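Contents: one structure, followed by commentary.
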Amino acid sequence: MSEHAQAQPADDHVVLGKLTSPYGVKGWLKVYSYTSPMDGILDYEAWVLRQGSRLTRARLLQGRRQGKGLVARLEGVDSREAAEAMAGAEILLPKAELPELDTDDYYWYQLEGLAVVTREGVALGRIDHLFETGANDVMVVKGAADERIEARERLLPFLPGDVVLEVDLEAGVMTVDWDPEF
């Protein structure tokens, strides 16, 4: 693992998961993955780890499913004590290294922060975050009093062509078919 601080600011990265705790005595770590599928995080060999404001590069040597989760071994992390020092670190990847998506497919980080308006032009707020359910992804849209939008939270299903009518990343706006009273 390289101890040299990463030159790029953290906003050039996306969080893929985090190292949670040591696994065994040989330096393996438990990994909590935000990727879908869960083991997609293991497709990237070069990780950037963030502990507080410090960014370091780490090379993934091995990774696998273990029970209901994942475990990984990083270069230079060869003992339980070394793994304990890494526990809690977020796993980042430069956005430039993410695979290209098909048209009308989006990474969640691209949607977070978008203004959400109805087809009639009623502002509902901004996408705060998304979460996964069994049926579909859900957008948490929060209004803000300082934007003249009622300060309330709405849960909208991410259903392109049904609820989500248009996503304009350049303009920072998502148009939805949604009753503002809901």
Side-chain angles (χ1 to χ4, degrees), residues 10-21 23 28-51 58 60 63-72 74 86-119 123-144 149-182:
D11 62 348
D12 287 346
H13 294 78
V14 62
V15 179
L16 296 182
K18 65 182 178 180
L19 300 173
T20 60
S21 61
Y23 175 77
W28 285 76
L29 284 141
K30 292 180 183 177
V31 175
Y32 185 84
S33 174
Y34 302 137
T35 65
S36 181
M38 164 175 70
D39 55 359
I41 196 170
L42 302 176
D43 293 342
Y44 304 98
E45 183 178 306
W47 290 353
V48 175
L49 302 179
R50 179 170 56 197
Q51 291 179 292
L60 177 67
R64 67 174 189 263
R65 284 187 178 260
Q66 183 67 42
K68 293 183 180 180
L70 299 173
V71 294
L74 303 175
M86 302 308 303
E90 289 182 301
I91 302 165
L92 309 178
L93 184 73
K95 290 177 182 175
E97 293 182 24
L98 290 170
E100 291 275 331
L101 295 177
D102 293 334
T103 305
D104 297 330
D105 283 339
Y106 305 96
Y107 288 109
W108 283 6
Y109 82 86
Q110 294 175 300
L111 302 176
E112 292 170 351
L114 291 183
V116 179
V117 298
T118 67
R119 65 173 36 170
L124 300 179
R126 294 191 177 275
I127 299 173
D128 183 69
H129 63 280
L130 293 96
F131 62 90
E132 197 172 354
T133 67
N136 52 267
D137 296 336
V138 174
M139 302 175 289
V140 178
V141 178
K142 291 187 176 183
I149 303 167
E150 69 177 287
R152 87 182 247 206
E153 182 177 280
R154 291 178 174 86
L155 303 178
L156 280 70
F158 184 78
L159 297 171
D162 186 12
V163 174
V164 177
L165 302 177
E166 182 183 3
V167 175
D168 186 339
L169 294 178
E170 284 189 31
V173 177
M174 176 185 288
T175 305
V176 296
D177 184 8
W178 196 256
D179 183 345
E181 298 301 314
F182 278 27

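As the structure is a prediction and not an experimental result, all values here were calculated from the model. Each residue takes its place number in the sequence, starting with 1.
- Contact of the Glu90 side chain with the Leu49 side chain is not registered, since no non-hydrogen atoms from C-beta on lie closer than 4.5 Å.
- When all heavy atoms of Asp39 and Arg65 are compared, the pair lying nearest together is OD2-NE, 3.6 Å.
- Taking the side chain as every heavy atom from C-beta outward, Leu19 and Ile91 approach each other to under 4.5 Å.
- Looking only at distances, a side-chain donor or acceptor of Arg154 sits under 3.5 Å from a matching main-chain atom of Pro180.
- Annotation for Gly40 and Thr35: closest pair N-OG1, 3.6 Å, computed over non-hydrogen atoms.
- Shown here is Tyr34, whose OH atom has more than 12 heavy atoms of other residues, nucleotides or ligands within 6.0 Å.
- Put simply, the side chain of Leu92 does not reach to within 4.5 Å of the side chain of Trp47, judged on heavy atoms.
- Residue Leu130 holds its CG atom at 6.0 Å from CD of Glu112, rounded to the nearest 0.5 Å.
- Between His13 and Val48, some side-chain heavy-atom pair lies under the 4.5 Å cut-off.
- Taking CZ of Arg126 as the start and CG of Leu111 as the end, the distance is 13.5 Å to the nearest 0.5 Å.
- In this structure, the separation between NZ on Lys18 and CZ on Arg50 is 12.5 Å, given to the nearest 0.5 Å.
- Residue Leu156 holds its CG atom at 13.0 Å from CG of Asp137, rounded to the nearest 0.5 Å.
- Annotation: side chain of Glu132 is in contact with side chain of Trp108 (closest heavy-atom distance under 4.5 Å).
- Scanning both residues, Val117 and Ala123, for their nearest heavy atoms gives CG1-CA, 4.0 Å.
- Nearest heavy atoms, Gln110 versus Leu101: OE1-CD1, 4.4 Å.
- Considering only heavy atoms from C-beta on, Val140 comes within 4.5 Å of Leu155 through its side chain.
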Worked verdict on Phe131 versus Met139 for side-chain contact (heavy atoms from CB on, under 4.5 Å): CA-CA 7 Å; Phe131 62 90; Met139 302 175 289; over 6 Å; no
Val164/Leu159 under side-chain contact (heavy atoms from CB on, under 4.5 Å): CA gap, chis, key distance, verdict: CA-CA 6 Å; Val164 177; Leu159 297 171; 5.8 Å; no
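- A salt bridge links Glu153 to Lys142: at least one charged side-chain nitrogen sits closer than 4.0 Å to a carboxylate oxygen.
- Minimum heavy-atom separation, Pro157 to Asn136: CB-ND2, 3.4 Å.
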Stepwise side-chain contact (heavy atoms from CB on, under 4.5 Å) test for Val163 and Asp177: CA-CA 5 Å; Val163 174; Asp177 184 8; 5.7 Å; no
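- Within the 4.5 Å cutoff, the side chain of Tyr32 has no heavy atoms near those of the Ile41 side chain.
- Arg119 forms no cation-pi arrangement with Trp178, by the criterion of a distance under 6.0 Å to the ring centre and an angle within 45° of the ring axis.
- Proximity of Leu29 to Val71: side-chain heavy atoms (C-beta onward) are nowhere separated by under 4.5 Å.
- Here Ile127 contributes atom CD1 and Leu114 contributes atom CG; the two are 5.0 Å apart, rounded to the nearest 0.5 Å.
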Pair Tyr23-Gln66, side-chain contact (heavy atoms from CB on, under 4.5 Å): steps then yes or no: CA-CA 10 Å; Tyr23 175 77; Gln66 183 67 42; 3.1 Å; yes
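- When every heavy atom of Leu42 is checked against every heavy atom of Leu60, the shortest pair comes out as O-CD2, 3.7 Å.
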Steps toward side-chain hydrogen bond (donor to acceptor under 3.5 Å, both in side chains) verdict (Glu97, Tyr44): CA-CA 9 Å; Glu97 293 182 24; Tyr44 304 98; over 6 Å; no
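- To the nearest 0.5 Å, atoms CD (Glu166) and OG1 (Thr175) are separated by 5.0 Å.
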